[in-house]
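What follows is one structure encoded as structure tokens, with my remarks underneath.
Just so you know, residue 1 is the first one in the sequence shown, and it goes up from there.
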Amino acid sequence: MGSSSPSPSPEPPQSSAPAGGASNASLRWHILRRALLSRSASPHASEGTSKDPQEKGDTNKISRKTSRGFNLIKCHTVPISQLNKSQGDSLNRNENGVECQRDVCVCYKLPCGGSPELNVIYRRDDSLELNDIEASNRFNIDTTGLVCCWPSEEVLAFYCINHSDMFRSKRVLELGAGYGLAGLVIAASANAGEVIISDGNPQVVGYIQQNMSINAKTFGQTKVKPMTLHWDQEQASDMLNSFDIIVASDCTFFKQFHQSLAWTVKSLLKHSETSQAIFLSPRRGDSLNKFLETIKEYGLCYELIENYDPTVWNLHESYVAGDDTSWPNYNEEHCYPLLVRITFGHFD
């Protein structure tokens, strides 16, 4: 359990050169270069890429992106063509009616009453393109929502299933939702009154809209809406202080967004004793602590909880101890999400 005041910020991790002498920064540039060259149509695309096994090993170590996660919800891939048939052959096509080969559908079987299934369409791994980065610059957003379903999102979805009672008949907002797994899970399993699943990236919101459409029959009486929501823009009057619960996962990494994110929570969360925002975020150096400091500056209270679910905690300890080697690049600072509860009032 944490308290309503942040613990002292840890010293930032020292930037040390991995074996072989390359700095972390140079290795990240190698990752970008390798990605861009691999997408080139030129017959010389492979020229200039490293054939040094040591360098390739180093870049694999420095890259924290992982699609493995904690495997808390059973899932399997479904061919897009099969999903198209079940949905009237109307999904996942471009303007020429050709199936988009960069996407994949994952079917989740939720561990709750009735074991409902959710089909969620994602980009395939390593399919980020240059026009995605251009859109990021144009809209002042990041592209992390297009990369994968991050481990924190999966943990948030699992947590929401296990605490579904808190969402019953509530108006719920997911911020920075990416493909929207947590929001979709709440809509499918919690009998919420309304769930709005938002992201600042219009491309990502397109995926959210598609995922809502293919799962509409799973939501029962719950109203579900997608929304393009920028944290640094003024929100519509019907949004202000109207949400009983706000949820978000891994949204505190970029420090330049801390103030706008804190302001968004304060502006949209309902003023009541039961309203709360639930964030799941890894520490990622001092980024989480910096966000908690910002929360206090905006007059909000928070509770930081390390062990919030026995299943997640046991898996985490097993990865850290090396007893479970199925997640070889597991790093507590980057992979294990802490739970932050944010409210207008004080905690007992």
Side-chain angles (χ1 to χ4, degrees), residues 1-6 145 150 152-153 155-178 180-187 190 192-200 225 227 229-233 235 238-255 257-284 287-306 308-309 337-348:
M1 291 287 289
S3 65
S4 59
S5 60
W150 295 91
S152 296
E153 175 82 357
V155 176
L156 176 60
F158 185 74
Y159 179 86
C160 291
I161 290 173
N162 291 335
H163 297 80
S164 59
D165 286 350
M166 74 167 64
F167 302 103
R168 184 167 292 116
S169 302
K170 303 294 187 181
R171 193 181 194 211
V172 183
L173 170 68
E174 182 177 10
L175 294 174
L181 177 61
L184 294 168
V185 163
I186 294 170
E194 181 180 24
V195 179
I196 295 180
I197 308 177
S198 73
D199 198 276
K225 299 177 183 178
M227 177 175 289
L229 193 155
H230 294 276
W231 302 337
D232 59 354
Q233 295 180 3
Q235 307 304 328
D238 64 338
M239 294 272 289
L240 298 177
N241 303 120
S242 66
F243 290 95
D244 300 289
I245 301 178
I246 296 174
V247 298
S249 61
D250 219 343
C251 286
T252 65
F253 175 54
F254 295 105
K255 296 175 187 177
F257 298 144
H258 282 179
Q259 288 194 352
S260 56
L261 178 56
W263 175 251
T264 297
V265 172
K266 184 173 182 177
S267 300
L268 303 185
L269 192 63
K270 184 183 293 185
H271 284 274
S272 76
E273 293 182 358
T274 58
S275 63
Q276 61 179 315
I278 299 171
F279 278 47
L280 277 167
S281 294
R283 288 194 180 276
R284 294 187 181 274
S287 64
L288 179 57
N289 280 332
K290 292 293 185 183
F291 175 69
L292 297 180
E293 292 174 6
T294 304
I295 283 293
K296 288 186 65 179
E297 291 172 3
Y298 277 87
L300 297 168
C301 299
Y302 72 84
E303 180 183 27
L304 182 64
I305 307 173
E306 185 176 22
Y308 48 84
D309 182 276
L338 304 178
L339 188 145
V340 181
R341 292 180 59 224
I342 304 169
T343 69
F344 283 103
H346 293 281
F347 294 95
D348 296 329

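Nearest heavy-atom pair across Ser287 and Phe253 is CB-O, 3.7 Å. Taking each heavy atom of Lys266 and Phe344 in turn, the nearest pair found is O-CZ, 3.5 Å. Closest approach of Leu288 to Ser281, counting heavy atoms only: CD2-O, 3.7 Å. Residues Gln276 and Arg341 come closest through the heavy atom pair OE1-NE, 2.8 Å. Minimum heavy-atom separation, Ser275 to Thr343: O-CG2, 3.8 Å.
Considering CD1 of Ile196 and OG of Ser242, their distance stands at 7.0 Å, rounded to 0.5 Å. In this structure, CG on Leu173 lies 9.5 Å from CD1 on Ile186, to the nearest 0.5 angstrom. Atoms CD1 and CD1, on Ile342 and Ile295 in that order, are 4.0 Å from each other to the nearest 0.5 Å. The structure places OG of Ser169 at 9.5 Å from CG of Asp244, a figure rounded to the nearest 0.5 Å.
More than 12 heavy atoms of other residues, nucleotides or ligands sit less than 6.0 Å from atom CD of Glu194.
When Asp250, Asn289, Thr252 are each tested for a side chain to side chain donor-acceptor pair (under 3.5 Å) with Arg284, only one passes: Asp250.
With sequence neighbours left out, the ring pair (Phe, Tyr, Trp, His ring centres under 6.0 Å) criterion links Phe291 to His258, Phe279.
Under the 30°/60° scheme for interplanar angles, the aromatic rings of Phe254 and Phe257 are found to stand perpendicular.
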Checklist entry - Which is it for Leu269 and Leu300 under the side chain to side chain contact (heavy atoms under 4.5 Å, CB included) test, yes or no, and what are the steps along the way? => result CA-CA 11 Å; Leu269 192 63; Leu300 297 168; 5.6 Å; no
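Inspection of the Glu153 and Ser249 side chains reveals an N or O donor paired with an N or O acceptor under 3.5 Å.
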